[in-house]
Amino acid sequence: MSAALAEAPPETRVHYLNANYGIKSWLLTTDHKRIALLYLASITLMFFVGGAMAVMMRIHLIDPAGALVHPDTYNKLFTMHGVMMIFFFLIPSIPAVLGNFLVPIMVGAKDLAFPRINLLSWYIFIIGASLTLYAMVSGGVDTGWTFYTPYSTTYANSQVMATALGVFVSGFSSILTGLNFIVTIHKMRAPGLTWFRMPLFLWAIYATSIIQVLGTPVVAIAIFLIGLERLFHVGIFDPAVGGDPILFQHLFWFYSHPAVYIMILPGMGVISEIITCFSRKKIFGYHFVAFSSMAIAVISFLVWGHHMFVTGMSVYAALIFSVLSFLVAIPSAIKVFNWTATLYQGSISYEAPMLYALGFIGLFTMGGLTGLFLASLATDVHLNGTYFIVAHFHYIMVGGAVMAYLGGIHFWWPKISGRMFPDTWARLAAAIVFIGFNLTFFPQFMLGYLGMPRRYATYPAEFQVLNVMSSAGASILGLGYMIPLIYLFWSIRYGPVAPANPWRAKGLEWQTSSPPPTQNFEVPPVVTEEAYAYGPPGSGREGAHD
Amino acid sequence: MSVHVEPVWLYVLVFLCLMVLTATTVGVAFVDLGSFNTLVALTIAVIKMLLVVTFFMHVRHSTALTKVFIAAGFLWLLLLIAFTLTDVGTRQIPQQPEGWGSATTVVPPPK
Amino acid sequence: MTDASAAHSSQHPPYLAHHFTDIEQQNESGTLGMWLFLLTEIMFFGGLFAMYAVYRLKFFEAFREGSHRLNVAFGALNTAVLIGSSLTMALAVRAAQLSRRKAIIFFIILTMILGIAFIGIKLNYEWSADYREGLVPWMSFHVESPNAPGVRLFFCFYFFMTGLHALHMVIGLGIMCVLLRMAAKGRFDEGYFAPVEVTGLYWHFVDIVWIFLFPLLYLIGGRY
Ligand SMILES: [Cu+2]
């Protein structure tokens, strides 16, 4: 496309960032790229709020008797950390920021199918986030992010209502985002962009959106019922009058297990983009990777009972859920093997996004494999409710989803901001995050295996060494997250101007200028080749690093 | 989207069918069929739903995509109900086969 | 996409949003979006239906007892009213397809009247009677029966489900007020009637929910 125009410095050309100015032009925008940035700002805030609570918990756990806070406060810390990170950072992270920015560009459209609904979803998110922040400052909530009944409905006297309402409201933001993506991918693809020419990021986002649309309403109604129960005390979850508290867990996990895939599937999409670009190779087994996303989306709805093996659920149901849980390993493994096969004989370069992607593959594999321990009934009885679980899901959510998110942010930052980030700092930060992460969470596997229960403010003295290691790792991890925050901000003003395609990557988003114009493309694009067509026909090596 | 304008008589016919089915479902409720009462009531409700979806909501002229989505919606609802019932419906069944020892057997604690 | 429609897009009729290529794409997107929204609604009500199923199995006798305290006549009447409003809604969409602007307004008003009638009957003859008879679990619950806790649960579900359904009807009526304004301004014709059609889909969905609620709440275990 217009290469000369794309190389011109951003100041001299009209693009989505300088098309108009002023607070109103942002708060009333329907441009998907600006809405992506609104989301970016809001979830970054939530990430650091949730992170601050993690820091306080890790400081507290340096001492077996608890070093920092009252045990009640500790209960609130882990609850609010979970609520913030899951509902207000991880679930919107890649879909609402990178997805919002990239989906219309990747399909070659001017915007999402429903731009005003897109803006509405951000406002709904802000209302939900405000309610939850209000709950935090007005006393906090201590039910755990899972809101288990009957504690949450009958006994807890913290800010359950405000938090539950915040989560309930933010669910609709997630639904509307997913709905928008599905319609956009179905109806607005550019001429020539067939389903099997789509970048795998789009497949991943599509699968994610299906989960958002079909799963989120169920958790919404479950949380709604908690609200009603707290208001009226009618006893639908109270065993004393015939209610069944485990029923709440069924409804809750019907969404919240698939929600794990809302967090990790888009990350897998990001990794597919990064791995191919920095190996200069077509993805190995495109169809398998694409369909494994869909398979994960479907199977994820059939396994929720693995969170409930020790609740008193019927063992017959537990058997079924256990078998089905093992099935999820298949599509996940397909992805990991295909990424590895893509690396094979590629001409690999270790740019910062690639470092995050490689880190993702290793950490996600560890998180996934330890998940199998928890899917099998016998070992789950031993490991459930211990730090093993905490370590397992942090390997998926932080080692997987957050690494992929950071990799994606770095990969597309030149496109988003029109500036390059400082490469050395970025590689350094990626390394620090990787080291800090493992130092934080690997000891927790050991702690859990040795029997240290989660969600307690104190612990026996023999666990102290591993806990101190974990806390030390957390401070390194925190540092690793602060560095990108600083240099990305710095780069907006002082970073070198980014060319249209700094990574010489394939895909429609790299064919428009950086940052893109408000309409995304000067000329509506037409797609004529497969995704990841790296290399002249046959070689698979175009643009190999010399 | 090719617009299909249905004739008025079709809508009225569907409406009349729905009314007849409503009357039937109320009528059948006053006949003792044992547990089949529920089955009949639900079958009639499903037929009524299909009538509304097919004709009033124009699904008979919709794309295959819309049909797949609708089917998926109901399938997911069934999954939710069915899997929840696998738990609730089998909780009462004894959890150890006979001969494996019963719940009352006291296992001596390991030394 | 045909060449003809590509040529059309340069003219851009006023109701075509800038980011769509042609009106066909816009309409299809709108309809698909509404269907997806209805999927979320299926799952939203679905959570309640799942819980209802569990408790109905667990407390069948109590649920039957509770169900028999409801008035089948009003339930059936309301079913008829709501199905009638679905008919008029379908006719409103048909009128829009044929550019009959007065008929659109007429049928939308008729639909609204029937919708209000449904809520009126519900409020005036059913919920208020339930209140007087002491059947509202959180306001006044006096049921003398060995099954009282189960009956209480039944009425929880009865009020949650019919309440949520009525809320959806009120939202639908609100949307129809907007439609009415647009119709009065003559905004709809055969070229552009997506809002009427999409509202129709929503209204029929609300009807379908009631089609299931009626036998599940009023006719448990037969009435013999
Ligand atoms: Cu799970």
Side-chain angles (χ1 to χ4, degrees), chain B residues 1-8 10-12 14-16 18-19 21-23 25-26 28-38 40-42 44-49 51-53 55-59 62-63 65-66 69-70 72-74 76-78 80-85 87-89, chain C residues 23-25 27-28 31-32 35-36 38-43 45-47 49-58 72-73 75-76 79-80 83-84 86-91 93-94 97-98 190 193-194 197 200-201 203-205 207-208 211-216 218-224:
Chain B
M1 178 173 42
S2 41
V3 174
H4 292 268
V5 184
E6 307 278 14
V8 174
L10 182 73
Y11 286 135
V12 175
V14 172
F15 170 74
L16 290 175
L18 289 168
M19 297 309 274
L21 285 167
T22 306
T25 201
V26 174
V28 169
F30 289 92
V31 183
D32 185 356
L33 297 174
S35 53
F36 280 97
N37 273 108
T38 310
V40 172
L42 280 179
I44 292 178
V46 169
I47 296 172
K48 284 162 84 179
M49 173 193 81
L51 282 174
V52 173
V53 168
F55 296 102
F56 284 172
M57 297 171 98
H58 301 149
V59 167
S62 292
T63 54
L65 177 70
T66 311
F69 275 164
I70 299 167
F74 286 100
W76 252 246
L77 175 58
L78 279 182
L80 169 65
I81 296 176
F83 274 79
T84 307
L85 288 180
D87 167 26
V88 181
Chain C
I23 190 70
E24 194 169 322
Q25 191 188 34
N27 285 342
E28 285 181 2
T31 315
L32 187 65
W35 273 110
L36 283 167
L38 295 183
L39 287 198
T40 71
E41 289 278 23
I42 291 178
M43 298 310 288
F45 279 98
F49 276 110
M51 291 191 60
Y52 165 88
V54 168
Y55 286 130
R56 176 180 162 143
L57 281 176
K58 209 169 164 186
V72 184
T79 312
I83 291 175
S86 254
L87 173 70
T88 54
M89 190 69 227
L91 291 173
V93 177
R94 184 176 182 276
Q97 289 173 335
L98 295 171
E190 59 198 330
F193 57 87
E197 193 186 7
L201 289 179
W203 193 256
H204 296 311
F205 171 80
D207 187 19
I208 289 175
I211 284 177
F212 280 94
L213 285 183
F214 173 59
L216 287 177
Y218 289 79
L219 302 176
I220 296 176
R223 281 295 189 142
Y224 39 83

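Because the structure is predicted, anything quoted here is derived from the model rather than measured. The chains referred to below are lettered A, B, ... by the order of the sequence lines, with proteins before strands, and numbering in each begins at 1.
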Fill in: Most chain B-contacting option - heavy-atom pairs closer than 4.5 Å, from C:G46, C:G75, C:G47
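Of the options given, most contacts go to C:G46.
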Closest non-hydrogen atom pair, [X] against [Y]:
X      : Y     : result
C:A53  : B:I81 : CB-CG2, 4.3 Å
C:L219 : B:A29 : CD2-CB, 3.7 Å
C:A76  : B:V26 : CB-CG2, 4.0 Å
B:F15  : C:G84 : CE1-CA, 3.4 Å
C:M43  : B:L77 : SD-N, 3.8 Å

When rounded to the nearest 0.5 angstrom, what is the spacing between [atom1] in [X] and [atom2] in [Y]?
X      : Y     : atom1 : atom2 : result
B:T66  : C:L38 : OG1   : CG    : 11.0 Å
C:D207 : B:K48 : CG    : NZ    : 8.5 Å
C:I42  : B:F74 : CD1   : CZ    : 4.0 Å
C:Q97  : B:E6  : CD    : CD    : 8.0 Å

Between [X] and [Y], is any pair of side-chain heavy atoms under 4.5 Å apart?
X     : Y      : result
C:M89 : B:F56  : no
B:H58 : C:E197 : yes
B:L42 : C:L216 : yes

So what's closer than 4.5 Å to chain B heavy atoms on [X]: side chain, backbone, both or neither?
X      : result
C:F214 : side chain
C:I211 : both
C:S86  : both
C:V72  : side chain
C:I83  : both
C:L32  : side chain
C:L87  : both
C:L98  : side chain

Item to complete: Output, in order, the C-alpha distance, side-chain angles, deciding distance and verdict of side-chain contact (heavy atoms from CB on, under 4.5 Å) for B:V46 and C:F212.
Response: CA-CA 8 Å; B:V46 169; C:F212 280 94; 4.0 Å; yes
Fill in: Selection from B:V40, B:V14, B:I70 maximising heavy-atom pairs under 4.5 Å formed with chain C
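Highest number of pairs under 4.5 Å: B:I70.
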Practice prompt. Please step through side-chain contact (heavy atoms from CB on, under 4.5 Å) for the pair B:V59 and C:W35, ending with a clear verdict.
Written response: CA-CA 11 Å; B:V59 167; C:W35 273 110; 3.4 Å; yes
Worksheet entry | Backbone of B:V5 reached by a side-chain donor or acceptor of C:R94 within 3.5 Å |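 Checked: no pair found.
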Worksheet item: What's the verdict on side-chain contact (heavy atoms from CB on, under 4.5 Å) for B:M57 and C:I208, showing C-alpha distance, side-chain angles and the deciding distance?
Response: CA-CA 11 Å; B:M57 297 171 98; C:I208 289 175; 3.9 Å; yes
Fill in: B:L85 portion near chain C, given a 4.5 angstrom heavy-atom threshold
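The side chain, not the backbone.
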Discussion item. With side-chain contact (heavy atoms from CB on, under 4.5 Å) as the criterion, how do C:V54 and B:T84 come out once you've worked through the C-alpha distance, each side chain's angles and the decisive distance to 0.1 Å?
Written reply: CA-CA 8 Å; C:V54 168; B:T84 307; 3.9 Å; yes
